[in-house]
Amino acid sequence: VVVVWLVVSQNEERMQRMQGKVEEMARAQGRMVDAKKRYEAEISELVAALGAAKQEQQLMGEALEKELKGRKETKARVDAGIGALQERMAEYARVEGGLRAEIDSLRVERDALLKNKTVLPA
């Protein structure tokens with residue numbers, strides 16, 4: 001009877017140790033499940049943040065493209081304006097050259113008239 005009791009007692013101790021190990025494993029599994037949920041939530045947040053960052057990057061890229069297009073259009077208008085001004089300046093230079101030649105011609109004519117003291121009829 002004592003031997004049976006000793007064997008039963010040892011088996012009960014083993015069962016209790018095994019029960020303790022099973023309970024510890026269940027707690028560890030619960031902690032792992034909780035950690036997995038936290039990591040999944042963090043991953044979801046990161047994916048959402050990445051999506052928002054990509055959208056913001058796309059919007060910024062579009063805004064920069066629009067700005068660049070506007071600047072190119074402005075540059076084209078400025079260049080066209082400069083070209084038109086250069087053409088007008090060239091035309092003014094031609095007119096000025098013609099006027100100077102005419103003034104010089106009139107001076108020569110005046111000087112000749114003064115030299116000859118010829119009086120022209122009114």
Considering only distance and modelled atom types, tabulate donor-acceptor pairs under 3.5 Å from the side chains of residues 37-61, sequence neighbours left out.
from : atom 1 : to  : atom 2 : distance (Å)
S44  : OG     : E40 : O      : 3.0
Q58  : NE2    : E62 : OE2    : 3.4

message = Distance check, rounded to the nearest 0.5 Å: Q16 atom CD versus N11 atom CG?
response = 11.5 Å
For residues 88-107, which side-chain donor-acceptor pairs fall under 3.5 Å, sequence neighbours excluded?
from : atom 1 : to   : atom 2 : distance (Å)
E91  : OE1    : R94  : NE     : 3.3
E91  : OE1    : R94  : NH2    : 2.6
E96  : OE2    : R100 : NE     : 3.2
E96  : OE2    : R100 : NH2    : 2.7

key: Residues which pass side-chain hydrogen bond (donor to acceptor under 3.5 Å, both in side chains) with R110, listed by chain and number, not counting sequence neighbours   = none
Other cluster members, I82 - Ile/Leu/Val/Met/Phe/Trp/Tyr, side-chain contacts below 4.5 Å = V78
ask   = So do the side chains of K69 and E73 get within less than 4.5 Å of each other, counting heavy atoms only?
value = yes
By salt bridge (Lys or Arg N to Asp or Glu O under 4.0 Å) - contacts of E65 (at least two apart) = none
request  = List in chain and number order the residues that pass salt bridge (Lys or Arg N to Asp or Glu O under 4.0 Å) with R77, two or more places apart in sequence or in another chain; answer none if no residue qualifies.
outcome  = none
task = Taking atom CD of Q29 as the centre, report whether more than 12 heavy atoms of other residues, nucleotides or ligands fall under 6.0 Å from it.
result = no
inquiry  = salt bridge (Lys or Arg N to Asp or Glu O under 4.0 Å), that's the test. Do K115 and E109 meet it? Break it down for me.
reply    = CA-CA 10 Å; K115 190 174 188 181; E109 190 177 331; over 6 Å; no
message = Testing the 3.5 Å rule here: is there a donor-acceptor pair between the side chains of E23 and Q19?
response = yes
